[in-house]
Amino acid sequence: MNPNKTYYADDRLNNCCAYCGGFAETEDHVPSRCFLDKPYPQNMRVVPCCQKCNHDFSIDEEYVSCLIDCMKEKTTNTNLIRRKKTRKTLSHSFGLSERIKSQFRKFADIEICDIEKNRFELVMSKLAFGHLAHENSSINWDSEYKVDMWLLENMSNLLLNDFENPYSGDVVPEVGSNSLSRILVGLDDSAICCDWVMVQNGRYRYCVSPDSTKVKFVIAEYLAVEVSIMSHNV
Ligand SMILES: [Zn+2]
């Protein structure tokens with residue numbers, strides 16, 4: 001954590017972990033680097049984070065990232081995975097590799113993957129809370145939320161069109177927040193529109209609603225995710 005940096009629109013929250021509200025000793029990239037490839041984009045987005053969240057989430061994120069690549073490539077054979085980072089992680093971590101292999105099975109010639117849903121939802125909420133904190137200075141560590149996930153290739157045209165549409169509304173994000181500075185540049189009609197942010201082409205993009213109730217993102221141009229904040233308890 002850099003004491004000279006202002007992470008949120010309001011610097012009273014500067015020392016608060018974006019994920020649990022605890023004391024932030026460190027910074028966390030949003031999204032985490034495991035979802036991106038080298039060379040990493042310049043000016044990676046960061047939020048304040050405590051040591052515990054930083055450590056605990058990274059194990060789950062590694063699992064989720066590797067599993068998404070295995071699902072996308074329809075194989076758990078490390079040698080056949082094209083993405084270098086996942087190939088390297090799986091060949092160095094026998095435990096993770098075996099665990100992922102055990103979650104794939106064939107049913108009537110279709111490859112089925114039994115994902116650890118709780119871990120997926122935890123990681124998706126973490127990503128969403130990070131984006132909300134960074135973009136809208138919205139803190140959600142006690143919020144109730146709902147996670148929806150789809151494979152892009154399985155979405156109907158109607159659902160896909162709706163998903164790809166940026167969020168809009170009539171609520172303006174908090175003064176001084178990153179979202180607001182982007183909205184003011186591109187404002188050309190009465191509705192407040194928060195466009196998609198491309199973090200790395202083909203790897204990760206996200207969109208945050210102006211009223212801080214929804215975040216959607218696409219990982220590896222394969223998994224589409226929407227996290228809805230059901231109640232704001234902070
Ligand atoms: Zn924390």
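Read the numbers this way: they start at 1 and go in the same order the structure lists the ligands and their atoms.
- Annotation: angle subtended at the Zn ion (ligand 1) by C53 SG and C17 SG is 110°, to 10°.
- Around the Zn ion (ligand 1), the two atoms SG of C20 and SG of C50 are separated by an angle of 110°, to 10 degrees.
- A salt bridge does not link K126 to D60: none of the charged side-chain nitrogens sits closer than 4.0 Å to a carboxylate oxygen.
- The Zn ion (ligand 1) does not have C49 among its coordinating residues (no N/O/S atom, backbone or side chain, under 2.8 Å).
- Atom CD1 of I100 and atom SG of C113 lie 8.0 Å apart (nearest 0.5 Å).
- Aromatic pair Y204/H131: centroids less than 6.0 angstrom apart.
- In summary, of the residues considered (R83, K85, K84, R87), a salt bridge (Lys or Arg N to Asp or Glu O under 4.0 Å) with D69 occurs for R83 alone.
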